[in-house]
Structures are given as structure tokens and as C-alpha cells.
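Ligands are counted one by one from 1 in listed order, and the atoms in each one are counted from 1 as well. Since the model is a prediction, treat every value here as computed from it, not as a measurement.
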Amino acid sequence: MKILLVASEVTPFAKTGGLADVAAALPRALARLGHDVRIFMPWYHSVSEQRLATEPLNLALEVEIAGVMRSAEVRRGWLGDIPVYFLDYPEFFQRQGLYGTPAGDYPDNAWRFGLFCRAVLDALPQLDFQPDVLHLNDWQTGLIPVLLRGERSKDPFYAGTGTVITIHNLGYQGLFPAETLSELGLDPALFHMGGLEYYGQLSFLKGGLLFADRITTVSPTYCEEIQTPLFGHGFEGILQGRRKDLLGILNGIDCKQWDPERDLALVAPYSAAHPEGKERNKQALQEQLGLDADERQPVLAMITRLATQKGLDILEAAWPRLMRRSLQFVLLGDGEQHHREFFRKLQNRYRGRVSITLGFDDSLARQIYAGSDLFLMPSHYEPCGLGQLIALRYGSIPLVRRTGGLADTVRDADQTPPGNGFLFGPPTATALLQALDRALKRYRDSSGWNRLVAGALSEDFSWERSARRYVEIYQQARESRKKLN
Ligand code: ADP
């Protein structure tokens, strides 16, 4: 099949979270299955800084946004053997962040990603790449199905192109003032409750959910959850209505990119066959972060976007009691200002026991996965979660809330048959601490703990199985598109 994956972030070019990992690992897995897969993403400042070998394709795209005709360019680069098309429009994308700054989102995000959606569809005929399926991801790409079903419905180039949109996080809906609709040149007739309107605003994601041929999300449990009011963010009705076109496919991780045996960021390699190196990574982490050099102290880690979704309020409520336990705590995170403030204040308060790093740092993240014993994800909701999968791959045992993809990938070690981590249900400090105490008890039983780590190191989270499921969905999307013609 000819597949175009469209995403607003792709590892290693640009990343704020798990979407970027998926948008690189899935195409690689699809290419291994023999498909002609390509990627489209914006050419951000952070991408141009990497000095990649790319070539301008001289497409001269003209897209009108907010009454101004804008000339954009496309550059072609590579992710291994996979062509990556970068949309180059400096006024919108040459900025420090992908979507905004710690103070908030960029005010013109609708224009930025509206331009992106239109430009992708304008570019493909010129690139002479006629995809069987467009795989779209999150709100940033949500207008593409709207355009294909609307103003481009008679375009023969796209007559055989199905669309699949994947929800990586329903909490981000791409909401903008109503007048954005006309600024983006969309049909005003689309602005109603059964269309793109969401409580008086325009929602990019709603457009994608209404008009894509198939909808997927990133775990079976989250797929069920988002059809209920508690997790549906107001979209549960639409999702129930599209139930037969909706499916949860669990994310994998790219086991080559995340491999403690080959990871150059680590001081010592290790694996299920040779787990000894993990201890050296723990020592190095303690030294590097100014923690007491004590191998018997369990290191509890978090690597996360600092967003309330991630259950930081639960951790914050548990904090004084957590510090009464015998452990070291490491956090690497970036995001919302009020959470940054909470952790910034802790930075120098617990010398030798707590390390807080505010920022995004891939190499430090790898060292933390390798050097930690326990990996905490107390999320309120978690579409899939990659953190717990990477942690397992690096032998750091997940301690997570039982929700979404966490519930699908972590099984409790205190159950029979014994699982790979520790789970808690209620979103409370007490429940978190009870699960933590069970984990700490296991940690003190060193042979039991070593068995747990050995089990984690030999688990398989590769993409292949999920990639095959995506191919099935792509085929279905293409069939339903054809039936519409
Ligand atoms: P989400 O996509 O909601 O942010 P996931 O658990 O699915 O959460 O994916 C998070 C990914 O981003 C993981 O690869 C994690 O290692 C990485 N990550 C998150 N925060 C940071 C950070 N501050 N520095 C480096 N990597 C980070």
C-alpha cells in the first residue's frame, strides 16, 4: 500500500511526547512489512537547527490563510529509507516551541495547522505520490478529512484515498474562535452542532472524527473510556455514534531506538542476558544528579510532560508522606507553569534525595530509565503511555494508575500470575502510597525484585503486530472511501 502518515511531531526531528515516537516507529514497522510509506510534518526551527541533509522540492505552494496568499515550500529529508516531506513556511514554524511556550499556546495555531492541512493536500499531486491512505494524527491534522469530504470531494486525485485518524490524546481538541472558520476558507455551512462547532468554537479534532473513514486510538481500554462522559471530553456522543469505525490499537516502542544494550547515552550496556550493567547506570545517575551514592536506596523516577493529566496533583498531595519513605526521587519534566513552580521549589530542599530537572532532555531521559528502579505514572487518564513501556524495556518497574493503556500493559506483580509492575485505582495520594509501599516491600526482597527486573527486560513491545492491525484498518478505510464515490 501507499501510505502517508501526517503528524505534527516525529522523532528525532521534533518531539514533545509519545506522538513523535509513534509517528517514527509505526512508519518504520510498515516499511518493514513492505509498504511504501512516507511522512509529512512541519519544518520547525528545532528541525532546521539539526542541519539535516534535505533538498527543496520547488513546489511553490500557494495557500490563502486569513486573507493573505502564503507561499510555502516543501523539503524532502529521510528517516532511514523513508521519505519525509517537511512543510517549510518560516513565518509560522520557525519558532522556539512546536505549539507554544510555557505561558501558553501560540495564538495563531489555527492558522499554522490550517495551512499545514491545506498544504499537504496541495502538495501530494505535485509530488506524484497518490496515497491509498492518509494516516492522520490528533487535532493538528483534523481538517484534512474535512477538506477531502468537502471542497475536494470531486478531486479525482483523491478518489481512492481513505483516511484514518488516530487519537493520541482526546484532551487536545484544537479549539479556536468561530471566525477562524472563514479565515481558513472553510465552508460556513460546516459550523453547526453536527459539524465542526463545539460549544461556539471551531474544533479541528471534531472535523477529523466526523469525516475520517476510520478512527483509531492507542489502546483498547482508552477506546472504551473515551466513549463515556468521564473521559470523552464532550466527544463521547460522536465516538459512540462512530463505534463501528473506531478501534483501539496498542502502541509499541521502537526496540532499536530504545535498547539498553546499544544506547549510547548509557555508561554501561545491559540486557536480560547480562543485567549487571544496570547497577552501574544507577551509580552513574546518582553521581550525576547529586544523589547519595547508595545502591540500596530505590530510585523512583518520573519523566513526563508537566500536565495535570499526568496525575501530578496526586503526587503533589502525596509528597510529604512520600518523602517519609526510604527512597530517592528523580523527575525530568517540562510543561505547565504551576507544576514547574511546585517542582522548582523542591529542587534544593532534599539534598542527596531528590533531583528535579525542568526541561526536555532525551539523553538524560535515557539515563533515568536505565538508572532508576521504579517508574511512576499516576495519570488521571493515559491514552497508551510510552513511558511505562520504555521503563520496562530498561528494567525500571512501573508504578501506575489503572487507566487507559497503563491498564492494558501493566499487570500487578502481587497478583497471580504475577505481573510486571504495581497498579492503583483511585486517583488519590493514599492509593498511590499503598501501591508504592507494596513496591518498596518487593524491592527489599532482592531475589524477588531481580526476577521482576529480569521479566521486564525480556518483555516484547515491538511494533510489528500493531503495524499489521493498522494495515487492516487502512484497507477498510480505503474500501469505505471507494463506496462513497
Ligand atoms: P505523552 O505522549 O502523553 O507525553 P507518553 O508516555 O506516551 O506521554 O510519551 C512520553 C514520551 O516523551 C516518552 O518517550 C518520554 O520518554 C518522553 N518525554 C516526556 N517528557 C520528557 C522530557 N522532559 N525529556 C525527555 N523526554 C521526555
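Taking the centre of each ring, F176 and F204 come in below the 6.0 Å mark. Taking the ring centroids of W43 and F13, they lie at or beyond the 6.0 Å cut-off. Taking the six-membered ring for Trp and the full ring otherwise, Y99 and Y172 have centroids separated by 6.0 Å or more. Checked against the 6.0 Å centroid criterion, the rings of Y381 and H233 qualify as a close aromatic pair.
Residue G17 has no nitrogen or oxygen atom sitting less than 3.5 Å from a nitrogen or oxygen atom of ligand 1, judged on distance alone. For a threshold of 3.5 Å applied to N or O pairs, the pair formed by T16 and ligand 1 contains no separation below that value. Between D362 and ligand 1, not a single N/O pair is under 3.5 Å apart. For ligand 1, the polar-atom distance check finds an N/O of G18 within less than 3.5 Å of one of the ligand's N/O atoms.
The nearest protein atom to atom 4 (O) of ligand 1, hydrogens excluded, is given as R305 NE, 2.7 Å; this is a heavy-atom distance. Remark: minimum distance from atom 8 (O) of ligand 1 to any protein heavy atom is reached at K310 NZ, 3.1 Å. Looking only at heavy atoms of the protein, atom 12 (O) of ligand 1 is closest to K15 CE, 3.4 Å. Shortest contact from atom 24 (N) of ligand 1 to any protein heavy atom: D361 N, 3.1 Å.
Residue contacts with ligand 1: G405 is excluded, as none of its non-hydrogen atoms falls under 4.0 Å. The closest approach between C384 and ligand 1 stays at or above 4.0 Å for every heavy atom of the residue.
A salt bridge links D362 with R366: the closest approach of a Lys/Arg side-chain nitrogen to an acidic carboxylate oxygen falls below 4.0 angstrom. Between R344 and E341, at least one side-chain N (NZ, or NE/NH1/NH2) sits under 4.0 Å from a carboxylate O, which counts as a salt bridge.
For the pair R468 and W463, the cation-pi test (distance below 6.0 Å, angle within 45°) is failed. Judged by a 6.0 Å distance limit and a 45° cone about the ring axis, R95 is positioned over the six-membered ring of Y106.
Residue L386 touches ligand 1 through backbone and side chain together, judged by heavy-atom distances below 4.0 Å. Contacts between L364 and ligand 1, counted as non-hydrogen atom pairs separated by less than 4.0 Å, are absent for every part of the residue. When heavy-atom distances to ligand 1 are checked against a 4.0 Å cut-off, Q388 has no atom that comes that close, whether in backbone or side chain. Under 4.0 Å from ligand 1, the heavy atoms of T304 that appear belong solely to its backbone.
For D245, the side-chain contact (heavy atoms from CB on, under 4.5 Å) partners two or more places apart in sequence, or in a different chain, are R214, R242.
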Note to self: The test is side chain to side chain contact (heavy atoms under 4.5 Å, CB included); show your working for D254 and D259 and say whether it passes.
What the structure shows: CA-CA 9 Å; D254 190 322; D259 181 359; over 6 Å; no
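When all heavy atoms of K282 and D294 are compared, the pair lying nearest together is CE-O, 4.4 Å.
The closest heavy-atom contact to atom 22 (C) of ligand 1, among the options Y381, F360, F375, Y369, comes from F360.
Within the listing of ligand 1, atoms 22 (C), 23 (N) sit less than 4.0 angstrom from a heavy atom of G359. For ligand 1 and A365, the ligand atoms under 4.0 Å from any heavy atom of the residue are 25 (C), 26 (N).
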